[in-house]
Amino acid sequence: MATERTLILIKPDAVRRRLAGEILGRIEARGFDLRAGKLLTASRDLGERHYAEHAEKPFFGELVAFITSGPTLALVVEGEGAIATMRRTIGATNPADADAGTIRGDLAMSMPDNLVHGSDSPASAEREIALWFSTDELV
């Protein structure tokens, strides 16, 4: 399996609920390495660019409003098969469909407050990491 980097966002609902440490602990417990991290409140522009693939969907405005509603802990996580493994660790997008043992299955309550974002492909990871981090912020 190839070593990959993925963007993980511990979203404003997780930060508000003081779950960032537990979520980060689950990521580290999987054996992944952190290559960058920062706490920030996303601007509207960043939120719109992050969710650009959903721009024509009726829930686009709700996504942007949510991701810009408070601090987000943005991370770059690296390891073998990081994208797929992190997606499984996070759980289904809708917490009602997420398996027990996943972050969303154990901790999330409802949509859109699903606590975490993880890139869904190598192309998405590359695009998203570049949106949230400059190259000099990656180690």
Side-chain angles (χ1 to χ4, degrees):
M1 210 175 256
T3 297
E4 300 172 321
R5 285 187 173 180
T6 187
L7 178 76
I8 300 297
L9 300 178
I10 300 176
K11 296 179 182 180
D13 58 326
V15 174
R16 272 193 293 278
R17 291 180 54 204
R18 296 185 169 108
L19 295 172
E22 180 167 343
I23 293 168
L24 180 57
R26 288 180 182 220
I27 294 167
E28 290 183 318
R30 292 301 306 247
F32 292 114
D33 296 318
L34 296 179
R35 295 297 175 213
K38 62 183 169 183
L39 184 67
L40 72 154
T41 300
S43 67
R44 180 166 185 79
D45 178 62
L46 176 56
E48 288 176 350
R49 288 186 294 136
H50 179 77
Y51 288 118
E53 67 194 64
H54 302 297
E56 301 304 317
K57 297 179 182 165
F59 54 84
F60 176 70
E62 184 179 10
L63 289 174
V64 174
F66 175 62
I67 201 66
T68 61
S69 68
T72 293
L73 182 57
L75 307 168
V76 176
V77 175
E78 181 180 80
E80 286 192 36
I83 295 168
T85 302
M86 280 307 310
R87 298 279 294 176
R88 283 191 304 277
T89 301
I90 290 168
T93 300
N94 186 336
D97 300 328
D99 292 334
T102 65
I103 293 168
R104 290 178 179 148
D106 292 350
L107 304 172
M109 299 176 345
S110 64
M111 289 295 292
D113 298 356
N114 64 1
L115 303 177
V116 181
H117 165 83
S119 303
D120 64 4
S121 69
S124 291
E126 185 177 340
R127 181 185 76 81
E128 293 171 353
I129 290 168
L131 286 174
W132 290 82
F133 293 92
S134 63
T135 54
D136 65 332
E137 292 176 304
L138 302 171
V139 296

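Numbers here are sequence positions counted from 1.
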Supply the atom-to-atom distance [X] [atom1] to [Y] [atom2], rounded to the nearest 0.5 angstrom.
X: L19; Y: L24; atom1: CG; atom2: CG; result: 12.0 Å
X: T6; Y: R35; atom1: OG1; atom2: CZ; result: 14.0 Å
X: S69; Y: D13; atom1: OG; atom2: CG; result: 7.5 Å
X: T89; Y: R87; atom1: OG1; atom2: CZ; result: 11.5 Å
X: I129; Y: I8; atom1: CD1; atom2: CD1; result: 9.0 Å
X: M86; Y: I27; atom1: CE; atom2: CD1; result: 4.0 Å

In the structure I gave you, are the side-chain heavy atoms of [X] and [Y] within less than 4.5 Å of one another anywhere?
X: L46; Y: I67; result: no
X: K11; Y: L115; result: no
X: L138; Y: R5; result: yes

Under a single-linkage definition using a 4.5 Å side-chain heavy-atom cutoff for Ile, Leu, Val, Met, Phe, Trp and Tyr, are L131 and F66 assigned to the same hydrophobic cluster?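 No, it is not one cluster - the side chains of L131 and F66 are not joined through contacts under 4.5 Å.
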Is there a chain of hydrophobic side chains (I, L, V, M, F, W, Y, each step under 4.5 Å between heavy atoms) that links L39 to L9?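 Shared cluster, no.
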Write down the atom of [X], the atom of [Y], and the distance for their closest heavy-atom approach.
X: E128; Y: S119; answer: OE1-OG, 2.5 Å
X: I10; Y: V15; answer: O-CG2, 3.8 Å
X: Y51; Y: F60; answer: O-CE1, 3.3 Å
X: L40; Y: A74; answer: CD2-CB, 4.1 Å
X: L73; Y: A20; answer: CD2-CB, 4.3 Å
X: F133; Y: G37; answer: CE2-N, 3.8 Å

Which residue pairs pass the side-chain hydrogen bond (donor to acceptor under 3.5 Å, both in side chains) test with at least one member in residues 130-139, sequence neighbours excluded?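 Applying side-chain hydrogen bond (donor to acceptor under 3.5 Å, both in side chains) to every pair that reaches into residues 130-139, excluding sequence neighbours, yields K38-E137, H50-W132, S134-D136, S134-E137.
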Quick test of your reading: applying side-chain hydrogen bond (donor to acceptor under 3.5 Å, both in side chains), list the pairs with at least one residue in residues 55-67, sequence neighbours left out, ordered by first then second residue.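 The answer is H54-K57.
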Contacts of type salt bridge (charged side-chain N to carboxylate O under 4.0 Å, His left out), residue [X], not counting sequence neighbours:
X: R127; result: E53
X: E48; result: R44
X: E126; result: none

Donor-acceptor pairs under 3.5 Å, side chain of residues 101-110 to any protein atom, not counting sequence neighbours: which ones?
{"from": "T102", "atom 1": "OG1", "to": "D99", "atom 2": "O", "distance (Å)": "2.6"}
{"from": "T102", "atom 1": "OG1", "to": "G105", "atom 2": "N", "distance (Å)": "2.9"}
{"from": "R104", "atom 1": "NE", "to": "N114", "atom 2": "O", "distance (Å)": "3.0"}
{"from": "R104", "atom 1": "NH1", "to": "G91", "atom 2": "O", "distance (Å)": "3.0"}
{"from": "R104", "atom 1": "NH1", "to": "A92", "atom 2": "O", "distance (Å)": "3.3"}
{"from": "R104", "atom 1": "NH2", "to": "V116", "atom 2": "O", "distance (Å)": "2.3"}
{"from": "D106", "atom 1": "OD1", "to": "G101", "atom 2": "N", "distance (Å)": "2.8"}
{"from": "D106", "atom 1": "OD2", "to": "R26", "atom 2": "NH1", "distance (Å)": "3.2"}
{"from": "D106", "atom 1": "OD2", "to": "R26", "atom 2": "NH2", "distance (Å)": "3.0"}

[X] side chain vs [Y] backbone, donor-acceptor pair below 3.5 Å:
X: T68; Y: A65; result: yes
X: E4; Y: I83; result: yes
X: T85; Y: G81; result: yes

